[in-house]
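Encoded as C-alpha cells, the structure appears first; notes follow it.
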Amino acid sequence: MNASGLSPDQIKLQARVRELAAGPVAQRAAEVDRTEQYPWDNVELLKSEKLLGMTIPTQYGGQGKSWLDAVLTIEALSATCSVTGRIAVETNMGAISAVMAYGSEEQKKMAADMVLAGDKPAICITEPDAGSDANGMTTRADKKGNRYVINGRKHWITGGGVSRLHLIFAKVYDEKGTFEGIGGFLAIRDETKGLKITKREPTMGLRGIPEAVIDFEDMDVPPSALVIPPRGLKKGFADLMNAYNSQRVGAATVALGIAEGAYQLALDWSEKRHQFGRPINEFQGLQWKLADMSIKLSAAQALVYNAARSGEGGFPDMLMAAQAKVFTSENAIQIVNDALQFFGARGYSRELPLERMARDVRMFTIGGGTAEVLRNVVAGALLKKKLPQTRDGWAKD
Ligand SMILES: Cc1cc2nc3c(=O)[nH]c(=O)nc-3n(C[C@H](O)[C@H](O)[C@H](O)COP(=O)(O)OP(=O)(O)OC[C@H]3O[C@@H](n4cnc5c(N)ncnc54)[C@H](O)[C@@H]3O)c2cc1C
C-alpha cells in the first residue's frame with residue numbers, strides 16, 4: 001500500500017524502514033514470539049537507525065518528526081514484527097508525547113533522555129475494577145507533607161518489567177483528604193521505592209512485550225513527579241488522555257501494518273499455489289477476496305494517515321483517531337483471517353507467520369480503548385455531547 005501525498009523524505013523513510021522490516025526485523029519475529037523475550041536487539045537497531053523518539057523535539061535530542069513520519073515507521077515494521085512496531089509506537093507516541101507536551105523542563109529532559117537511550121515508557125491507567133470506566137480507578141495519591149504517597153494496583157500494563165519510566169494515573173487527594181482530580185505521576189522502576197511488578201499476564205499474542213500487574217505500595221514521590229497540564233489537576237486527566245489520541249493512531253497503525261503484511265503474503269502465495277491445474281488466484285472467489293482486502297486496507301490507511309495529519313502541531317483529532325482505530329482494528333482482524341485462509345492447512349502451521357499475525361492482530365479492538373468505547377467517543381463527537389461512557393478523562397465540571 002502507498003497512499004499519495006507523502007513527501008520525498010517520507011517516501012525515503014518508508015523505503016528505509018521497509019528494508020529493515022524485511023531484513024533483520026523479520027528474521028527475529030518468530031523467535032521473539034516463541035521465546036516471549038523483549039527484543040532488546042531490535043531496540044538497539046531502532047536506536048541506531050534514529051527511529052526511537054523521532055517525534056521528540058530537537059531541543060531535547062529528538063528529531064521533531066511528524067506523527068505521520070512515526071506512522072510510516074510503525075506501519076512498515078509491523079508488517080513483519082508487530083512487537084517491534086509497538087515499541088516504535090510507545091517510544092514516539094502516548095506517554096512520551098504527554099510528558100513532552102505537558103511536563104516540566106526537568107520531566108521533559110528526563111523522559112527524552114530515557115527514551116532516546118532505548119526505554120519504552122509504560123502508561124498505567126487500567127485497574128482490575130476500572131477498565132473502560134477509567135474514572136472509576138481506585139489507585140490514590142495522598143499528599144503527606146511535601147510528598148505524595150501512592151497506593152493501588154494496575155494491570156495489563158504494556159512493558160511492565162522492561163520499561164523503566166512509568167506514567168501512573170491516580171486519584172489525587174490533598175492533606176485533608178479532599179479529591180482534587182486524576183493526576184499522572186512519573187516513577188522509575190528500580191529507583192522509585194514501592195513500585196512492584198507482581199505478575200506477567202499470559203497473553204494470546206504480542207508475546208515479546210510483557211503485560212504486567214503493577215502494585216504501588218506506599219510509593220513515595222515528590223510533587224515534582226506530578227505532570228500538570230496547563231488547565232490544572234481538575235482537567236489534567238482529560239488533557240493527558242488527549243495526548244493518548246496519538247497512541248490510538250499508533251495502535252491502529254500496528255493493526256494496519258500486520259494486515260498489510262498478511263495481505264502481501266496471501267497475494268504472493270495465490271500466484272505460487274496451484275490447484276486444479278492453475279494458480280489459485282484464477283478462482284474468482286479468491287480474486288474478490290483479494291479485492292475486498294485491498295479496498296479495506298486502502299480505506300484503513302487513509303483513515304490512519306489523515307488522523308496522523310490532523311495532529312500536526314498538537315495531538316491527533318479525537319474523532320479521527322477513534323474512527324481510524326475502530327475501522328482499522330476490526331478490518332485488520334478480518335483481513336489477517338482471510339489471508340490465513342489462502343494458505344489452507346499451511347496457514348494454520350506455526351512454521352508460517354499467519355497464525356502469529358492472527359493472534360497479534362486480535363488485540364487492537366481491546367487495548368487503548370475498546371472498539372465499543374471508541375464508538376461512544378465517535379458518537380459523542382457527532383452528537384456534540386460529552387458522554388460519560390468514554391475513556392477520555394470525562395469529569396463533571
Ligand atoms: C495487550 C494489551 C495491552 C494493554 N496495555 C495497557 C497499558 O499499557 N496501560 C493501560 O493502562 N491499559 C492497558 N491495557 C488495558 C486496556 O486499555 C483495557 O483492557 C481496555 O480499556 C478495556 O478494559 P477492560 O479490559 O477492563 O474491559 P471492560 O471495561 O471490562 O469491558 C468489557 C467489555 O464491555 C464493553 N464495554 C464496557 N463499557 C462499555 C460501554 N459504555 N458501551 C459499550 N460497551 C462497553 C467493552 O468494550 C468490552 O467489550 C491493555 C490491554 C491489552 C489487551
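Numbering of ligands and ligand atoms starts at 1, following listing order. All residue numbers refer to positions in the sequence shown, counting from 1. All values reported here derive from a predicted model rather than from experimental measurement. For the numbers below, each heavy atom of this structure counts, side chains included, while hydrogens, waters and symmetry mates do not.
In this structure, D239 pairs ionically with R231, as a charged nitrogen and a carboxylate oxygen lie closer than 4.0 Å. Salt bridge status for E44 with K47: present, with a side-chain N to carboxylate O gap under 4.0 Å.
Here CD of Q10 is found 5.5 Å from CG of L72. Values are rounded to the nearest 0.5 Å. To the nearest 0.5 Å, atoms CG (L226) and CD1 (I168) are separated by 11.5 Å.
Nearest to atom 47 (O) of ligand 1 by heavy atom, out of L374, T365, T370, is T370.
For a threshold of 3.5 Å applied to N or O pairs, the pair formed by H155 and ligand 1 contains no separation below that value. Checked by distance only, ligand 1 and C124 stay at 3.5 Å or farther apart across all their nitrogen or oxygen atoms. Considering backbone and side-chain atoms together, I366 places no N or O closer than 3.5 Å to any N or O of ligand 1. Between D133 and ligand 1, no N or O atom pair is found at a separation short of 3.5 Å.
Not a single heavy atom of L206 lies less than 4.0 angstrom from ligand 1.
The atoms of ligand 1 that sit less than 4.0 Å from any heavy atom of I157 are 7 (C), 8 (O), 9 (N), 10 (C), 11 (O). Heavy-atom proximity to I125, at under 4.0 Å, picks out these atoms of ligand 1: 10 (C), 11 (O). In the vicinity of G131, heavy-atom distances shorter than 4.0 Å reach the ligand 1 atoms 23 (O), 24 (P), 26 (O), 29 (O). Ligand-side atoms of ligand 1 in range of G368: 17 (O), range being under 4.0 angstrom from any heavy atom. Atoms of ligand 1 lying under 4.0 Å from any heavy atom of N376, numbered from 1 in the order shown and given with element: 40 (C), 41 (N), 42 (N).
With sequence neighbours left out, T192 forms a side chain to side chain contact (heavy atoms under 4.5 Å, CB included) with A187, I188, M219, V221. Residues satisfying the side chain to side chain donor-acceptor pair (under 3.5 Å) criterion with T139, sequence neighbours excluded, are E127.
The cationic atom of R140 (NZ for Lys, CZ for Arg) lies less than 6.0 Å from the six-membered ring centre of Y173 and within 45° of the ring axis.
Using a 30° and 60° split on the angle between ring planes, F315 and Y102 fall in the tilted class, from 30° to 60°.
Contact annotation for R375 and ligand 1: no heavy atom of the residue comes within less than 4.0 Å of the ligand.
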